[in-house]
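Order of listing sets the numbers, starting from 1, for every ligand and every atom in it. Fair warning: this is a prediction, and the values are worked out from it, not measured in the lab.
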Amino acid sequence: MPIRNTTEQWGSVAKLLHWAIALAVLVMIGLGWWADRLPYGPLKVDVFWVHKSLGMLILAAMVLRLAWRLINPAPPLPDSLKAWERWAAHWTHWGLYGLLIAQPLSGWVINSAANFPLSVFGWFTVPAITGPDEAVKQLAANVHWLLSWLIIGTIALHIGAALKHHIVLKDDVLRRMLPFGKVSS
Ligand code: HEM
C-alpha cells in the first residue's frame, strides 16, 4: 500500500489517521456523555481526564491530518456522481475537519476557563488558553454540547453516504479507504 494517496486509493498515512480518529471520536462521544452524567467524585474526574487527554491527542492528529490532506490530493470521486452529491461530499468532509478541530479547542477553553490543570495522560502538561472565567466556561460548554450534536449528525451523513457507495452504487469509494481494501481497477 503506498504511503501517499494515489488517483485510485488513499495512502497508508491517510487511512491510519482516518480510522484511528474515527475510533477515538466514537469513544470520546461515549466518554463525554458518560462523564457529564456521573455524580461528582473520583470516577467523574478520572473519566473526564481520559476524555480531555484523548481529546487533545485528537486535536494534534487532526492538525497533522489537515496538513497531510493539503499536501496530498484526495483520490477523485467517480465521474458518475451528480453535482449535488459532489457538493455534499465536499462539505461533509471539510465540515468534519472543521468540527473535529473546533470541538477539542472548545473543550480546551472550558478546561482553561475552569482553571483546571491539564496533563495529557500524565505525559505532558498543556497550558491554559484563557484565564479563569465562569462566563467563558459556560459559553464554551454550550458550544461543546452543540458541536457534539453537529459531529454526530455529520458522521451519520458520512456513514450513510459511504454505505450508499458500497451497497447501492457498488463503486470503490468505501473500499479504497478500508485498511486492506482492494480497489477493482
Ligand atoms: C473530538 C474531541 C471531543 C469530542 C468528540 C468531545 C465530545 C464531548 C461530549 C459528547 C460531551 C458531553 C456533552 C453533553 O452531553 O452535555 C463532552 C463534554 C465535555 N468535554 Fe468533550 N469532546 C472532545 C474534546 C474535549 C477536550 C479536548 C476537552 C478538554 C481539554 C473536553 C472537555 C469536556 C468537558 C469539560 C465536558 C463537560 C462540559 C460541561 O460541563 O457541560 N472535551 N465532550
Side-chain angles (χ1 to χ4, degrees), residues 10 13-70 72 74 88-163 177-179:
W10 295 92
V13 173
K15 287 185 184 184
L16 179 70
L17 287 167
H18 176 274
W19 292 108
I21 293 170
L23 180 67
V25 168
L26 293 183
V27 169
M28 285 299 285
I29 292 171
L31 283 176
W33 191 87
W34 181 36
D36 213 33
R37 279 147 192 82
L38 278 169
Y40 284 101
L43 178 62
K44 189 179 180 91
V45 174
D46 284 353
V47 177
F48 260 130
W49 178 59
V50 176
H51 178 86
K52 294 171 187 178
S53 297
L54 187 56
M56 294 307 291
L57 295 185
I58 292 178
L59 177 60
M62 279 306 300
V63 171
L64 213 91
R65 186 170 174 190
L66 181 62
W68 189 249
R69 176 73 167 72
L70 292 174
N72 259 276
H90 179 83
W91 286 108
T92 37
H93 296 161
W94 287 107
L96 278 170
Y97 276 96
L99 288 167
L100 292 178
I101 289 176
Q103 180 69 329
L105 282 177
S106 68
W108 193 358
V109 172
I110 309 176
N111 200 73
S112 307
N115 204 16
F116 239 79
L118 180 50
S119 162
V120 174
F121 291 118
W123 300 332
F124 57 93
T125 305
V126 175
I129 46 172
T130 63
D133 189 320
E134 185 54 35
V136 171
K137 181 191 133 193
Q138 216 28 264
L139 178 68
N142 290 340
V143 170
H144 203 68
W145 175 84
L146 180 70
L147 291 179
S148 59
W149 282 107
L150 286 174
I151 289 171
I152 291 169
T154 315
I155 289 177
L157 285 175
H158 183 65
I159 295 175
L163 292 178
M177 182 51 102
L178 294 178

State the atoms of ligand 1, each with its element, that fall below the 4.0 Å cut-off from a heavy-atom position in [X].
X	value
Leu118	30 (C)
Trp108	29 (C), 30 (C)
Trp145	14 (C), 16 (O)

#### Entry: Non-hydrogen side-chain atoms of Ile21 and Val25 separated by less than 4.5 Å
yes
### Message
With a 4.5 Å cut-off on side-chain heavy atoms, are Val45 and Tyr40 touching?
### Response
no
Gap separating the [atom1] atom of [X] from the [atom2] atom of [Y], nearest 0.5 angstrom:
X	Y	atom1	atom2	result
Leu150	Trp145	CG	CH2	9.5 Å
Phe124	Leu118	CZ	CG	8.5 Å
Leu26	Ile152	CG	CD1	9.5 Å
His51	Ile58	NE2	CD1	8.5 Å

### Message
I'd like to know whether ligand 1 has Phe116 as a neighbour, heavy-atom separation below 4.0 Å.
### Response
no
#### Entry: contact_flag Arg37 ligand 1 heavy-atom lt 4.0 Å
yes
### Query
Tell me, which protein residue and heavy-atom name are nearest atom 34 (C) of ligand 1, and how many Å apart are they?
Phe48 CE2, 3.5 Å
### Message
Heavy atoms only: which of Asp36, Leu99, Val109 lies closest to atom 40 (O) of ligand 1?
### Response
Asp36
Would you tabulate the side-chain donor-acceptor contacts of residues 27-38 under 3.5 Å, counting partners in other chains and residues two or more places apart, or write 'none'?
{"from": "Arg37", "atom 1": "NH1", "to": "Trp33", "atom 2": "O", "distance (Å)": "3.0"}

### Summary
Atoms listed for atom 21 (Fe) of ligand 1 (protein only, N, O or S, under 2.8 Å, no waters) are His51 NE2, His144 NE2
### Polar atom proximity, Trp33 to ligand 1 (N or O, under 3.5 Å)
no
Do any side-chain atoms of residues 133-141 form donor-acceptor pairs under 3.5 angstrom with protein atoms, and if so which ones, sequence neighbours left out?
{"from": "Asp133", "atom 1": "OD1", "to": "Ala135", "atom 2": "N", "distance (Å)": "3.0"}
{"from": "Asp133", "atom 1": "OD1", "to": "Val136", "atom 2": "N", "distance (Å)": "3.2"}

Distance-only check: which donor-acceptor pairs under 3.5 Å involve side-chain atoms of residues 98-113, not counting sequence neighbours?
{"from": "Gln103", "atom 1": "OE1", "to": "Ser106", "atom 2": "OG", "distance (Å)": "3.4"}
{"from": "Gln103", "atom 1": "OE1", "to": "His144", "atom 2": "ND1", "distance (Å)": "3.2"}
{"from": "Gln103", "atom 1": "NE2", "to": "His144", "atom 2": "O", "distance (Å)": "3.2"}
{"from": "Ser106", "atom 1": "OG", "to": "Gln103", "atom 2": "O", "distance (Å)": "2.8"}
{"from": "Ser106", "atom 1": "OG", "to": "His144", "atom 2": "ND1", "distance (Å)": "2.8"}
{"from": "Trp108", "atom 1": "NE1", "to": "Pro127", "atom 2": "O", "distance (Å)": "3.0"}
{"from": "Asn111", "atom 1": "OD1", "to": "Lys52", "atom 2": "NZ", "distance (Å)": "2.6"}
{"from": "Asn111", "atom 1": "ND2", "to": "Phe116", "atom 2": "O", "distance (Å)": "3.0"}
{"from": "Ser112", "atom 1": "OG", "to": "Trp108", "atom 2": "O", "distance (Å)": "2.7"}
{"from": "Ser112", "atom 1": "OG", "to": "Ile129", "atom 2": "N", "distance (Å)": "3.0"}

### Query
Do the ring planes of Phe121 and Trp123 sit parallel (below 30°), tilted (30 to 60°) or perpendicular (above 60°)?
tilted
